[in-house]
Enquirer: 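Please see the structure below; I have some questions.
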Amino acid sequence: MGALTQLGDNLAVGFGAALAPLNLLLGMVGVTLGTAIGVLPGIGPALTISMLLPLTFGMDPVGAFIMFGGIYYGAMYGGSTTSILVKMPGEASSVMTALDGFAMTAKGRAGAALATAAIGSFIAGTFATVMLMLMAPVLVEFALGFGPTEYFALMVLALTALGGLSSESRAKTAFATLLGLALGTMGIDVQTGQARFTFGVQGLLGGMNVVVVTVGLFAVGEVFWYAATRRTAGATPVPVRGPVRLTRDEWRRSFPAWIRGTVIGFFTGILPGAGATVASFLSYGAERRFSKAPEEFGEGAIEGVAGPEAANNASAGGSLVPLLALGIPGSGTTAVMLAAFQMYGLQPGPLLFSQDSELVWGLIASLYVSNGLLLVLNLPLIGVWVRLLQVPRPLLFGAVLAFSTLGVYTLNNNIFDVAMVYVLGVLAFFMRRYGFPIAPTILAVVLGPLLEQQFRRAMAISGGDPTVFVTRPLTAAILVGAVAAVSAPALTRYLARHRAVD
Amino acid sequence: MTQGRSLAVALVVLSAGYLVAAFQISEPAGQYATIGPRAFPIAIGIGLLACAVWVGLTSSARRDLSSIDWRVVAMSALAFLVYLVLLEPVGYLLTTVVFIATESRLLGSRAWVRDLIVSVIMTASVYTVFTLLLGIRLPVGLIG
């Protein structure tokens, strides 16, 4: 009973913050921007949030995080639109949606595909937010007993799980992760004051600014990559004929798929490293398995759109659970959000819940509001978003390049930061050119310094005895999980088999 | 195949360089901390080296080699570099307008006038948001 009244109090505080006029406005900006970047291929939530970080520096953190939450959820809605209408996923998490979504469009059922994606996203997003609201405080309670060894183990798990579940070459993913850790070691060592890898350059003493790293690797790298391939040129969306709604039969077929997708998505989202893309793959596989007519998949089965779209939205909510409760991100987007917390001098985790409950609960409450706004934005207003695909891509990427660098410049009014962004952009280009994933590097840059700090703290407490990592049961269990994540290619094989349907 | 091997060689060189630099970090004497500032970078360096070899053994380079338009990448990188150098002396407004229009053309747009108009509008509105609403100072240069 006590827990329930406390939840009520927290929600009251949260909705009070989320419905304050300025925050509501920022939430609307967030969902609109999120949907837009979701629709546009090549521009994702991690990139957008990192571009906005310098701008929000002077803002109230509650408003900033409400906007970021809206962007994150909005991108999951928007990604499906491009998949369904152009057969080119707006986000990686909408790859599976393109299979049956575009097949439905080809059969003249684009309206139904868009409707099942939007309604499924709404159900999944709302359910995931409820679960986030219920689970995060429980996890916080549990995490109060965590020491440095547990945090160290959790971060190791987050980094290895990303590699274990990645679709790229595992050797390359491992290298990309270590590269991020290496970048993270640059600058003054906080525990001893010793400069590392600064080569006498003044600007490197402060270490790698996370905004600089994310803008460089995501935004600038993306533009250089676009310059090299220009793969997104010439996308002409199929005009939507007929109303964006479902027939009775389509409702009946979509509903179980939404529910299964939501559950799969939420729990996949909580797992470190898994995230929206894996969630949508798993959901697609599950739908095909449950279907009485698996041969319809790839030919326009509505379950193939309903399930994955619910799953990727639910996973966004799920991934916020470890981020908020433990301060451990599991994906590119949540890594950038952790960077945003750090920029404000905040450390997500148990302390944040007790000290800054307005921020935590304001963010959670705003996610309910955002979901409602997104349903409105994506059902009646879908035509507006389709038109967005006609924005000339060269102009768009030119603007991304100019404004992201400008944002970085304003961080310290320093051209050195912009030069770093440039170097990292070139690095990201070569990484993509040779098939190295970018997200593990970002995650490792953000987590690396924390990982080292916790490790050294644990060793200092134990007096240099490394057995603390195996004698504390929870730590040992998490580390075993981390080992399992690297050494169990079973899941990767499972995913690869289901990808082969393409 | 040779492409994959030269990639691995580059990665090994990069990793070895990091490892060598890691060994040169000096350990402050008489520290109470059991693990000094060197241990972690050395561990990362060894890991990098191992992974570089692993990449060399397992992966070949990407398949879509021919699709890279190196000329456009190089020109974009150069345009960006010029933008970087001129941003402070010439000022934000002028450089950004020219940069967006140039970059759009490099990326394949052929609508000169439209690009120029759009970049003027975008640059001016961003300038307004930054300076008036957020109170952030942008480089003024020749014209403010």
Side-chain angles (χ1 to χ4, degrees), chain A residues 54-55 57-59 169-172 174-175 178-179 181-182 185 189 191-197 199 220 223-224 226-231 233 392-395 397-399 401-403 405-406 409-410 413 415 418-419 422 425-426 429 433-435 448 451-452 455-456 459-460 462-464, chain B residues 7 11 18 21 25-26 28 31-37 40-41 44-45 47-48 51-52 54-55 57-59 61-62 67-70 72-73 76-77 80-81 83-84 87-88 92 96 99-109 111 115 118-119 122-123 126 130 134-139:
Chain A
L55 276 174
F57 191 61
M59 262 165 58
S169 141
R170 293 202 297 152
K172 288 178 178 176
F175 191 88
L178 285 159
L179 186 67
L181 290 178
T185 56
D189 170 36
Q191 282 181 349
T192 57
Q194 175 71 43
R196 301 192 292 191
F197 306 105
F199 312 107
V220 179
V223 177
F224 284 161
Y226 174 73
T229 56
R230 275 172 288 171
R231 71 205 181 290
R393 221 37 59 83
L395 211 49
F397 280 100
L401 196 50
F403 298 134
T405 48
L406 201 66
Y409 177 84
T410 60
N413 278 324
I415 207 84
V418 186
Y422 179 82
V426 173
F429 171 78
R433 165 71 174 74
Y434 291 106
L451 183 79
E452 179 179 11
F455 179 76
R456 284 160 76 176
M459 290 295 275
S462 75
Chain B
L7 168 69
L11 294 181
Y18 179 83
I25 298 169
S26 50
Q31 281 287 332
Y32 53 88
T34 31
I35 304 287
F40 232 68
I44 294 169
L48 275 174
C51 284
W54 186 14
V55 170
L57 291 177
T58 55
S59 335
R62 264 190 121 86
S67 64
I68 301 279
D69 190 342
W70 288 104
V72 179
V73 185
S76 295
F80 192 15
L81 205 60
Y83 178 58
L84 244 171
L87 185 63
E88 277 183 334
Y92 161 74
T96 307
F99 175 71
I100 296 178
T102 312
E103 185 62 31
S104 302
R105 187 168 174 80
L106 280 175
L107 293 176
S109 174
D115 290 357
V118 174
S119 54
M122 272 197 296
T123 308
V126 167
F130 268 84
L134 297 165
I136 294 170
R137 199 186 58 83
L138 290 171

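Computed from a predicted structure; not experimentally measured.
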Enquirer: Let me know if B:Leu81 has heavy atoms under 4.5 Å from chain A in its side chain, its backbone, both or neither.
Expert: both
Enquirer: Name the member of A:Ile415, A:Leu181, A:Thr185, A:Asp189 that forms the most heavy-atom pairs with chain B at distances under 4.5 Å.
Expert: A:Ile415
Enquirer: Who passes side chain to side chain contact (heavy atoms under 4.5 Å, CB included) against B:Arg105, sequence neighbours left out?
Expert: B:Arg110, B:Trp112
Enquirer: To the nearest 0.5 Å, how far apart are CG in B:Leu107 and CZ in A:Phe397?
Expert: 8.5 Å
Enquirer: Measure the shortest side-chain to side-chain distance between A:Arg456 and B:Pro37 over non-hydrogen atoms and say whether it is less than 4.5 angstrom.
Expert: yes
Enquirer: Looking only at heavy atoms, what is the nearest atom pair of B:Leu7 and A:Lys172, with distance?
Expert: CD2-CE, 4.4 Å
Enquirer: Do A:Tyr422 side-chain atoms and B:Ala77 backbone N/O form a donor-acceptor pair below 3.5 Å?
Expert: yes
Enquirer: What part of B:Thr96 gets within 4.5 angstrom of chain A, counting heavy atoms only: side chain, backbone, both, or neither?
Expert: side chain
Enquirer: Go through the atoms of A:Gln194 and report whether side chain, backbone, both or neither lie under 4.5 Å from a heavy atom of chain B.
Expert: side chain
Enquirer: If every non-hydrogen atom of A:Tyr409 is compared with every non-hydrogen atom of B:Glu88, which pair is closest and at what distance?
Expert: OH-OE2, 2.7 Å
Enquirer: What is the distance from atom CG of A:Leu179 to atom CG of B:Leu11, rounded to the nearest 0.5 Å?
Expert: 9.0 Å
Enquirer: Under the side chain to side chain contact (heavy atoms under 4.5 Å, CB included) test, which residues partner B:Val73, sequence neighbours left out?
Expert: A:Ala228, A:Phe429
Enquirer: Is it the backbone or the side chain of B:Ala101 that comes under 4.5 Å from a heavy atom of chain A, or both, or neither?
Expert: neither
Enquirer: Would you name the heavy atoms of B:Val72 and A:Ala227 that are closest together and state the gap between them?
Expert: CG1-O, 3.4 Å
Enquirer: Would you mind checking which part of B:Tyr83 comes under 4.5 Å of any heavy atom in chain A, side chain (CB onward), backbone (N, CA, C, O), both or neither?
Expert: side chain
Enquirer: Could you look at A:Val426 and say if it's the side chain, the backbone, both or neither that has a heavy atom under 4.5 Å from chain B?
Expert: neither
Enquirer: Might you point out which heavy atoms bring B:Cys51 and A:Leu178 nearest each other, and give the distance in Å?
Expert: SG-CD1, 3.4 Å
Enquirer: Locate the shortest heavy-atom distance separating B:Ser104 from A:Leu395; write the atom from each residue and the value.
Expert: OG-CD1, 3.1 Å
Enquirer: Are B:Tyr18 and A:Phe197 packed together at the side-chain level, in the sense that at least one heavy-atom pair is separated by less than 4.5 angstrom?
Expert: yes
Enquirer: Taking side chain as C-beta onward, heavy atoms only, is B:Phe80 less than 4.5 Å from A:Phe224?
Expert: yes
Enquirer: Who among B:Ala21, B:Pro41, B:Ser119, B:Ser76 has the most heavy-atom pairs with chain A under 4.5 Å?
Expert: B:Pro41
